[in-house]
Structures are given as structure tokens and as C-alpha cells.
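See structure below.
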Amino acid sequence: MFESLPGFRDFYPDSCAGRNHLFRIWRQTANSFGFSEYDAPVLEPLDLFKEKSGPEVVSQLFAFKDKGGREVALRPEMTPSLARLAGAKASSLRRPIKWFHIGEHYRYEKPQRGRLRAFYQFNADILGEPGPGADAELIALCIKSLTALGLTAEDFRIRLSDRDIWLHYMAAFGIEGDSAAQALDIIDKRERVDRGVTLEKLAQIFGDSAEDFFKDVERLGKAKDLNRLKDILLGPDSTCKSAGNSDQISQRLNDWKMLLDQLDAMQLMPYLEIDLGIVRGLAYYTGFVFEAFERGGDLRSLAGGGRYDGLVKKLGYDDLPATGFAMGDVTLGDLLARKNLLATFISAPDIFAILGGAEERKIALADILALRENGFRVEYALKETGFGKQFKLAGQSRAKFALIYGAEELAADSVKVRDMNSGAEKLIPRDRLNTELLEIRETGIPLEE
RNA sequence: GUGGUUGUAGCUCAGUUGGUUAGAGUACCGGGUUGUGGUCCCGGGGGUCGCGGGUUCAAAUCCCGUCAGCCACCCCA
């Protein structure tokens with residue numbers, strides 16, 4: 001006897017139907033936004049992931065040596081592969097490059113609820129367009145992918161932040177480069193860490209002004225609209241104004257306005273929350289970053305993304321500005337199941353054929369195959385059984401119609417169709433079967449016939 | 001990787017202070033029912049009580065270990 005490996009799932013038909021529904025909605029939504037689907041190998045050179053995330057990632061990868069001695073790993077994320085694909089053909093691809101991917105990813109971590117070792121992700125990215133129009137389009141896709149599944153503004157929010165603002169702001173304190181990245185990391189974790197500890201860490205970077213800076217962090221974290229942000233950053237008692245980089249900041253605030261205006265025009269503001277408190281830990285994010293999180297209850301993260309303008313170049317290709325997000329199936333699936341939005345899309349047959357004896361069966365099988373070729377989903381009992389039993393099977397199959405091949409009907413070269421919902425029946429000549437069924441499938445059989 | 005907690009049929013769970021052949025509901029299969037279904041009635045299969053060891057006359061029950069799930073850390077691309 002065997003079980004699936006820890007953190008891996010079996011998909012029985014019911015859950016497979018739920019998963020396919022999710023994929024179908026993701027794919028439809030991405031297509032409607034004009035994104036094109038791409039794919040890449042599941043197994044990649046280990047270095048591809050090390051290059052992006054540093055050597056520490058290896059402990060969280062399914063990594064091994066192949067028989068040729070190559071260091072390889074199952075992909076833990078899509079972005080490095082995407083960067084390779086886009087980077088390799090960057091000069092010949094029409095821009096903006098709008099691509100999406102749906103596929104399985106693997107991380108060697110301790111499995112928990114909402115977090116497995118194998119999971120599916122929907123990735124969408126826009127490359128080659130540095131302006132906020134790309135960020136707006138991407139955020140819109142993220143929101144629409146969730147609403148298309150039946151989720152509402154009551155179920156989730158997008159928290160929107162900006163690493164550029166933070167970098168400009170810190171520059172006013174004379175903090176740049178690695179120190180700035182460290183500071184962002186501290187800001188990102190501050191809600192989960194004791195205030196005193198956070199201050200201590202900041203003091204190593206900011207020295208005496210750590211406390212002032214942290215107060216501003218808290219003020220900025222609470223700013224929920226653009227005017228308030230502007231006020232804190234450029235108002236009378238702003239630190240950075242006196243430091244003299246207010247031009248950069250006001251330019252950046254202009255990007256913010258463009259972004260929000262576009263999202264507003266798409267009527268997506270109800271889903272948005274400005275929250276500079278989230279900066280997302282990853283060092284390679286450069287501009288607008290965002291996170292879709294579940295509201296109420298446990299506030300789990302449903303999707304995350306942001307701009308990563310430097311990454312493609314870092315992986316050895318030409319400079320290519322980029323912004324993207326990833327949405328996982330695990331947390332989202334939990335939420336959809338809880339909200340009853342995965343209503344198992346069980347595929348029921350259109351027709352269940354009920355067959356008399358051996359002679360009738362022969363005639364029926366020929367018809368059944370013809371109907372199948374015409375796109376009907378048709379089932380029948382594989383072994384000979386009584387009519388009563390077969391009607392029971394037809395009911396259990398949840399077929400819309402039963403098609404009755406009895407001696408009586410066939411004597412008139414006809415078959416009887418029964419609408420399994422209404423119970424209405426109709427005799428159809430066999431040579432008109434396909435035509436009549438096409439019609440009946442749409443309209444059903446009226447009770448008065 | 002660290003700590004806590006749970007583990008009985010495919011699923012949800014009962015199982016008395018340790019006591020004889022481990023139960024129910026549901027799902028599944030068969031029959032009632034060889035010309036009209038989902039209901040109903042009857043019957044059936046399915047368990048090494050997560051696994052291994054220990055204590056005991058006797059262990060699903062107590063002890064130890066281990067594996068797996070869940071929860072909290074770490075991390076979260």
C-alpha cells in the first residue's frame with residue numbers, strides 16, 4: 001500500500017473538477033486581458049534559482065543531481081524561467097510583453113494548511129513597460145481573476161504599497177543601497193516583532209534618528225489615501241522635504257495618481273487599500289508592490305506581486321522592466337470551498353441510453369457513437385440489466401435525458417426521449433435523432449405534448 | 001528545522017475504571033424491481049484501531065519511539 005508523499009495531493013474527479021474550474025477562470029480572465037499563455041520546463045538548472053534568490057534557497061528546493069551530474073531543481077516559482085524566456089528573445093518581442101502561466105511548483109517545506117510541497121500557481125507578468133499603466137493593468141487582472149471566481153470586496157482586499165517611496169524617503173536620511181534594503185526588511189516584519197527589537201535593529205542603520213524614522217514608518221503605515229501620503233511626505237513638518245529630495249517624491253506621487261486614476265476608472269477602488277506598511281520582503285522588488293489577502297478571519301495571503309525592474313538584467317539578459325504577480329491554488333481553494341464557490345462542477349452526461357435486449361443494444365450502440373461524434377456526452381449500462389435498474393442508473397448519473405431503446409420503439413424505427421427533470425417524454429424517429437436532440441437539449445421537453 | 005496537539009471503515013465520528021467476536025451514520029455493491037429514476041425496505045463487502053515496541057492474564061484504551069495530519073514559530077519566491 002502506498003500514500004502520496006507529504007505535501008502532495010491526489011485529485012479525485014470531484015477535486016479535479018474544482019481545480020479545472022479554477023484554471024478555466026484564470027485562463028479566461030488572463031485571455032480577456034490580452035495575456036498570452038506560455039510554458040517552460042518543470043525541471044531547471046539549480047543555478048537559475050540560486051542566481052535569483054541566493055544560495056539559501058537550496059534548502060527549500062527539491063534539488064538533486066541528474067544522471068549526467070547536473071545540479072537541477074524542480075521549479076519553486078515561475079519568475080526565473082519567465083525571465084529566461086523573455087530575456088532570450090527580448091529584442092524581437094513586441095512590447096508590452098503580457099504573458100501568463102498556470103502550472104505546478106514545488107518547495108521542500110514543512111506542509112501546513114494553505115501551504116504544501118506541490119501547488120499550482122497562476123503567474124501573470126507585463127514586461128517592457130516601466131510606467132504605472134502596466135501596474136494598473138496587472139492589478140486589475142489580479143482583482144478580476146478573483147472576482148471572476150465569485151469573490152467580492154467583502155472577501156478580499158488588495159494592499160498596495162511602494163518600495164520607491166520608501167527608498168526616496170530613506171534617502172532623505174542618507175540611507176541607501178544595502179542599508180535601505182535591510183531597513184525595508186525590518187519594516188516588513190515590524191508587525192510580527194516586538195517594537196523595542198525593531199527599534200534596536202533600526203538604530204544600527206539610522207543611529208540616533210531611528211526613533212524619528214520609526215514614528216514616520218508608523219504614520220505612513222496608517223495613511224490610507226493619497227492626500228494623507230502627500231501630507232506626510234511633503235507637508236510642513238516633513239523630514240524629507242527639508243532633506244531636499246522632494247522633487248523625486250512629488251514625481252513619484254504623480255505616478256501614484258496615474259495608477260489610482262486608472263484603477264478608479266476601472267471601478268476597482270473598492271478592492272484597494274493603500275498600505276505602505278507592507279513592502280514584501282524580497283529584495284528584488286523595485287516599485288509598486290501589492291498583495292491580495294483574505295478579509296475576516298485569518299487574513300491569509302491569496303496573491304502577491306509587484307515590480308521587479310532589475311531582475312531580468314540580474315539573470316544575465318538585457319535590461320527589461322517588469323511587473324507581475326502570482327496566485328496560488330491552495331489558500332484560494334480553501335477560501336472558495338469555504339464560500340461554497342467550488343460547487344463541484346460535476347460533469348453529468350447529456351444522455352443516458354436505456355437499452356432493451358441484445359438486439360436493441362446493437363442498434364443503440366451505433367446511434368450512441370454517432371451522437372458522441374456530434375458532441376453529446378452519452379452513457380449507458382455496460383452490462384445488460386433490467387429497465388428499472390437502468391432508469392436508476394440514469395437518475396444517479398444525473399443525465400438530463402434518458403434515451404429509450406425498447407422493442408416497441410424500434411418497431412416503429414423510433415426511440416423515446418425522457419426529460420429526466422420534468423418526466424415528459426417524446427417519440428423521435430431515429431433518422432431525426434440528432435436534430436431533435438440538439439433542439440431538446442436547449443429547450444427541454446414541454447410537459448404538454 | 002523547533003515546540004504543542006491529534007490519529008478507529010472511502011468520509012464524519014461513537015467505543016464505559018484496560019475485559020470476550022470494534023460499532024453507527026454516510027458512501028459503495030447486490031436484491032426487492034425484465035418498460036420508467038433519485039424515495040423506501042432488505043442484504044453485503046470494507047478495519048493489522050497510523051506503524052513499531054513495552055507494561056498486563058488481557059491494550060483501540062496505559063507507557064515509549066516513529067510516521068502522518070493540524071496549530072504556533074522559522075520561512076514565505
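Chain A is the first sequence line, chain B the second, and so forth, proteins listed ahead of strands; every chain is numbered from 1. Side chains included, hydrogens not; waters and symmetry mates left out as well; all remaining heavy atoms used.
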*Would you mind telling me which of B:C71, B:C74, B:A77 lies closest to the side-chain atoms of A:R113?*
B:C71
*So how far is it from A:I351 CD1 to A:K400 NZ, rounded to the nearest 0.5 Å?*
9.0 Å
*Please report the shortest heavy-atom distance between A:T286 and A:D309, naming the atom on each side.*
OG1-N, 3.1 Å
*Remember a base hit wins even if backbone is also touched, and classify A:G328 as base, sugar-phosphate or nothing at under 4.0 Å, heavy atoms.*
nothing
*How would you list all residue pairs meeting side-chain hydrogen bond (donor to acceptor under 3.5 Å, both in side chains) that involve residues 310-321 of chain A, not counting sequence neighbours?*
none
*How long is the line joining CZ of A:F62 and P of B:A77, in whole Å?*
18 Å
*Take the protein atom CZ of A:F119 and the nucleotide atom P of B:A77, then report the distance between them rounded to whole Å.*
10 Å
_Between B:C76 and B:G15, how far apart are the two C1' atoms, rounded to whole Å?_
42 Å
*Does any donor atom in the side chain of A:S301 or A:E291 lie under 3.5 Å from an acceptor atom in the other side chain?*
yes
*How would you list, by chain and number, every residue that makes a side chain to side chain contact (heavy atoms under 4.5 Å, CB included) with A:E384, sequence neighbours excluded?*
A:A358, A:R361
*Looking at every strand, decide which applies to A:P76 at a 4.0 Å heavy-atom threshold: base, sugar-phosphate, or nothing.*
base
*Return the set of residues passing ring pair (Phe, Tyr, Trp, His ring centres under 6.0 Å) with A:W166 (not counting sequence neighbours), or none when no residue passes.*
none
*Nucleotide pairing, RNA chain B (Watson-Crick or G-U, distances under 3.5 Å), in dot-bracket with [ ] and |*: (((((((..((((.....[...)))).(((((.......))))).....(((((..]....))))))))))))....
*For A:Y120, enumerate each residue passing the ring pair (Phe, Tyr, Trp, His ring centres under 6.0 Å) test, keeping only those at least two apart in sequence or located in another chain.*
A:F23
_Please give the distance between the C1' atoms of B:G25 and B:U8 as a whole number of Å._
15 Å
*asked:* In this structure, how many angstroms lie between the C1' atom of B:A77 and the CZ atom of A:F290, rounded?
replied: 14 Å
_Nucleotide B:A27, atom P - distance to CG of A:D14 in whole Å_ = 14 Å
_Base, sugar-phosphate or nothing for A:K50? Non-hydrogen atoms, less than 4.0 Å._
nothing
*Out of B:A77, B:A68, B:G30, which nucleotide sits closest to the side chain of A:K383?*
B:G30
Please list, one pair per line, the donor and acceptor atoms closer than 3.5 Å that link side chains of residues 140-150 of chain A to other protein atoms, with sequence neighbours excluded.
unit_1 : atom_1 : unit_2 : atom_2 : d
A:S145 : OG     : A:L141 : O      : 2.7
A:T147 : OG1    : A:I143 : O      : 3.4
A:T147 : OG1    : A:K144 : O      : 3.2

*Report the distance from atom CG of A:D334 to atom C1' of B:C70, rounded to the nearest whole Å.*
12 Å
*Closest to the A:R115 side chain: B:G69, B:C75, B:A77?*
B:C75
*A:F288: partners by ring pair (Phe, Tyr, Trp, His ring centres under 6.0 Å), with sequence neighbours left out*: A:W256
*Flag this pair as yes if the NZ/CZ of A:R157 is under 6.0 angstrom from the six-membered ring centre of A:F293 and inside a 45 degree cone about the axis; otherwise no.*
no
*Please report, rounded to the nearest Å, how far the P atom of B:C74 is from the CG atom of A:D188.*
12 Å
*B:G10 and B:G65, which share atom name P, separated by this distance in whole Å*: 29 Å
*Distance between C1' atoms of B:U21 and B:U26 (Å, rounded)*: 25 Å
*asked:* Rounding to an integer number of Å, can you tell me how far A:L302 CG sits from B:C76 C1'?
replied: 15 Å
*Indicate, with a heavy-atom threshold strictly under 4.0 Å, whether A:Q390 touches base, sugar-phosphate, or nothing.*
nothing
_Nearest whole Å is fine: how far is B:C76 C1' from A:Y285 OH?_
11 Å
*Earlier contact from the 5' end, RNA chain B, for A:E77 and A:G7*: A:G7
Can you check nucleotides 34-38 of chain B for protein contacts, nitrogen or oxygen pairs under 3.5 Å, and list what you find?
unit_1 : atom_1 : unit_2 : atom_2 : d
B:G35  : O6     : A:A407 : N      : 3.1
B:G35  : O6     : A:E408 : N      : 3.2
B:G35  : N1     : A:E409 : OE1    : 2.9
B:G35  : N1     : A:E409 : OE2    : 3.1
B:G35  : N2     : A:E409 : OE2    : 2.3
B:U36  : O2     : A:R418 : NE     : 3.3
B:U36  : O2     : A:R418 : NH1    : 3.1
B:U36  : O2     : A:E425 : OE2    : 3.1
B:U36  : N3     : A:E425 : OE2    : 2.8
B:U36  : O4     : A:K416 : NZ     : 2.7
B:G37  : O4'    : A:F391 : O      : 3.4
B:G37  : N7     : A:R418 : NH2    : 3.1
B:G37  : O6     : A:R418 : NH2    : 3.2
B:G37  : O6     : A:M420 : O      : 3.1
B:G37  : N1     : A:M420 : O      : 2.4
B:G37  : N2     : A:M420 : O      : 3.4
B:G38  : O6     : A:M420 : O      : 3.1

_Whole-angstrom distance between B:C57 and B:C13, as gauged at atom P_ = 37 Å
*Expressed as a whole number of Å, how far does the P atom of B:C40 sit from that of B:G45?*
22 Å
*Please measure how far the C1' atom in B:G1 lies from the corresponding atom in B:A60, and state the result in whole Å.*
33 Å
With the criterion being N/O to N/O and under 3.5 Å, what pairs connect the protein with nucleotides 1-8 of chain B, and how long is each?
unit_1 : atom_1 : unit_2 : atom_2 : d
B:U2   : O4     : A:K110 : NZ     : 3.4

*With sequence neighbours excluded, what pairs up with A:F401 under the ring pair (Phe, Tyr, Trp, His ring centres under 6.0 Å) test?*
none
*Taking only residues two or more places apart in sequence or in another chain, which ones pass side chain to side chain contact (heavy atoms under 4.5 Å, CB included) with A:E373?*
none
_ring pair (Phe, Tyr, Trp, His ring centres under 6.0 Å) contacts in which one or both residues fall within residues 31-61 of chain A, not counting sequence neighbours_ = A:Y38-A:W99, A:Y38-A:H101
_Inter-nucleotide C1' distance (B:C67, B:G37), Å rounded_ = 47 Å
